[in-house]
Protein chains: 2
Amino acid sequence: MRSYGEFCSIAKALDVVGDRWTLLIVRELLIRGGCRYTDLKEGLPGIATNLLSERLRDLESAGLIRREEAPPPVATTLFHLTETGAELEPVLEAFFRWGIRYMVDAPETDEFRAHWFAFPVRSLRDNDPDGPPVSIELRAASSPVVVEVADGKTSMRLGSVAEPDAILCGQPRLILGMFAGLITADEAVALGLDVSGDAGALQRILPEPVTSA
Amino acid sequence: MRSYGEFCSIAKALDVVGDRWTLLIVRELLIRGGCRYTDLKEGLPGIATNLLSERLRDLESAGLIRREEAPPPVATTLFHLTETGAELEPVLEAFFRWGIRYMVDAPETDEFRAHWFAFPVRSLRDNDPDGPPVSIELRAASSPVVVEVADGKTSMRLGSVAEPDAILCGQPRLILGMFAGLITADEAVALGLDVSGDAGALQRILPEPVTSA
DNA sequence: CGGCATCCTCTTTGATACTG
DNA sequence: CAGTATCAAAGAGGATGCCG
């Protein structure tokens, strides 16, 4: 990207990560850690392969990512964030919060990937920090993810779990709407969300509903 | 900007403000408040006038800015941020912090505007919250700005003041380097910064030097 | 299959000139 | 002052080909 040529920290930051797709590549690597080229491509629906390759080169020479030749059984290149790259997290967090308002009217045709639950999940609070650990499986995309709540903290990981306390199955927008406090669990169920298992586990992480004053 | 088509809050945010120049226009309006078209153009060196006009139209229809026909004596259009637009401040703040690292090696040819001191100044802490109010004038660009320290808070405004406690005159990089704790006041003076008035007023706001451990 | 490079078309940007 | 109009150059998007 052509430099703005401004002696301003914000402009300098945009010189480095202001290009189209760049921050979304950082998002992928922040959420998933080391990624193969094809993992990145799969997590960035719509990116042209030459652009991904070019951005990765740019990010590497800017010192934001690092290439690692993984030994067998992986036996391929893994892309990682460097310290500098990982320090973009507050930027993405700020974008995440600001962008929530645009999720409500998002078109049905938008793509979704299960690991994108990571930012919403991380912003959840545990309503009962002294309660027992619970795990909730989310099935809203091709692959499931597990929300784990323990010691007052919430985290998310890809994959499944043997016996989750609850399973949510339905459209991402319903689950995210609940997480954002825009709809209650009852409303989500009425709109088609399937909740099985212990509904109490779900209440553990749901925020106070946003009441339009 | 073409939508990423991803049901992800970060991607949605970038759909709205991911275009080149857009966040810098928001920066200008955040720092300066209501601006005329020519003020914006002056604060965004390098922007083409058709791009500025197009971005302003886009930002207006996205609900981030608002046009106001100011009555005489101004008698012209003023651009303001809406609430939604102003809520981008945490995003710019995060970019500001992350981008500081690139200021050290910035080319000498970079443009500078006095009001860009706003973000650095706002991140300063008052080392003596119970001390008397002090004002420090910064002369590093065409027009001076005043840093005001009172009640434990620091703020900046454009313009001059009758009798500032201290006056800093020199390259922006020296002043910003001091503010960021990268160099001490003594080092800045050795490198060409001119400090007149009460040096103690300056110590009021300078952070602990960053010692490379 | 993973990790690109090439080619082509279409859109966006930047620079400059001009206008009510 | 606050933009529009014009046009060359750069970048994005999509398809496909290549190579270990």
Side-chain angles (χ1 to χ4, degrees), chain A residues 1-6 11 14-25 28-29 32 34-62 65-80 109-111, chain B residues 1-6 11 14-25 28-29 32 34-62 65-80 109-111:
Chain A
M1 144 169 288
R2 179 188 187 143
S3 170
Y4 286 107
E6 298 185 358
L14 290 171
D15 280 351
V16 180
V17 296
D19 263 327
R20 187 161 166 80
W21 292 109
T22 300
L23 280 176
L24 295 184
I25 293 173
E28 288 298 303
L29 292 170
R32 305 171 54 151
C35 278
R36 292 173 302 175
Y37 188 89
T38 29
D39 297 332
L40 287 169
K41 195 154 190 323
E42 203 276 333
L44 298 163
I47 197 172
T49 178
N50 59 339
L51 265 192
L52 177 55
S53 128
E54 185 181 328
R55 291 288 182 271
L56 288 173
R57 234 180 299 124
D58 294 347
L59 283 170
E60 190 179 16
S61 62
I65 67 173
R66 185 170 22 93
R67 247 169 247 257
E68 253 175 44
E69 304 300 326
V74 180
T76 184
T77 311
L78 288 182
F79 296 89
H80 292 265
T109 51
D110 275 359
E111 298 271 357
Chain B
M1 146 169 287
R2 177 188 188 139
S3 171
Y4 287 107
E6 298 187 358
L14 290 171
D15 280 351
V16 180
V17 296
D19 264 328
R20 187 161 166 80
W21 292 108
T22 299
L23 280 176
L24 295 185
I25 293 173
E28 289 299 303
L29 292 170
R32 303 171 54 151
C35 277
R36 293 173 302 175
Y37 188 88
T38 29
D39 296 332
L40 287 169
K41 195 155 189 324
E42 203 276 332
L44 296 163
I47 197 171
T49 179
N50 60 338
L51 265 191
L52 177 55
S53 129
E54 184 182 330
R55 291 287 182 273
L56 288 172
R57 234 180 298 125
D58 294 346
L59 283 169
E60 189 179 16
S61 63
I65 69 173
R66 184 172 21 95
R67 246 169 248 256
E68 253 175 42
E69 304 302 326
V74 179
T76 185
T77 311
L78 289 183
F79 295 89
H80 292 265
T109 52
D110 275 359
E111 299 272 357

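First the proteins, then the strands, lettered A, B, ... as listed; each starts at 1. As the structure is a prediction and not an experimental result, all values here were calculated from the model.
Between B/Tyr37 atom OH and C/dG20 atom C1' the separation is 15 Å, expressed in whole Å. Distance, A/Leu24 CG to D/dA12 C1': 15 Å, rounded to whole Å. Taking atom OH of B/Tyr4 as the reference point, atom C1' of D/dA12 lies 11 Å away to the nearest angstrom. D/dA10 atom P lies 14 Å from atom CZ of B/Arg20, rounded to whole Å. Taking atom CH2 of residue A/Trp21 and atom C1' of nucleotide D/dG11, one finds them 14 Å apart after rounding to whole Å. For the pair A/Leu52 CG and D/dA12 P, the interatomic distance rounds to 13 Å; values are reported in whole Å. One interatomic measurement links the two molecules: CG of B/Leu51 to P of C/dA15, which rounds to 10 Å at whole-angstrom precision. Rounded to a whole Å, the NZ atom of A/Lys41 is 14 Å from the C1' atom of C/dA5.
The side chain of A/Thr76 contributes no N or O atom lying less than 4.0 Å from OP1 or OP2 of C/dC1. Taking side-chain N and O atoms only, A/Arg55 has no distance below 4.0 Å to OP1 or OP2 of D/dG13. One finds no side-chain N or O of A/Thr49 lying less than 4.0 angstrom from the OP1 or OP2 phosphate oxygen of C/dG3. Taking 4.0 angstrom as the limit, B/Arg2 places a side-chain polar atom (N or O) nearer than this to OP1 or OP2 of D/dG14.
For the pair A/Leu56/A/Leu40, a side-chain contact is recorded, criterion being any heavy-atom separation below 4.5 Å from C-beta on. Contact of the B/Glu68 side chain with the B/Thr77 side chain is not registered, since no non-hydrogen atoms from C-beta on lie closer than 4.5 Å.
Side-chain polar atoms of B/Ser53 and B/Arg57 form a donor-acceptor pair below 3.5 angstrom. Between B/Tyr37 and B/Thr49, the side chains place a donor N or O and an acceptor N or O closer than 3.5 Å (distance only, hydrogens not considered).
Looking at the side chain of A/Asp19, the nearest of the listed nucleotides D/dA12, D/dT4, D/dG14 is D/dA12.
Side-chain to base pairing of A/Thr77 with C/dG3: no donor and acceptor N or O lie closer than 3.5 Å to each other.
Taking each heavy atom of B/Gly43 and B/Glu28 in turn, the nearest pair found is O-OE2, 3.1 Å.
Nucleic acid contact for A/Thr38: sugar-phosphate only, since backbone atoms but no base atoms lie under 4.0 Å from a heavy atom of the residue.
With the nearest nucleotide of DNA chain C identified for both A/Arg57 and B/Asn50, A/Arg57 has the one nearer the 5' end.
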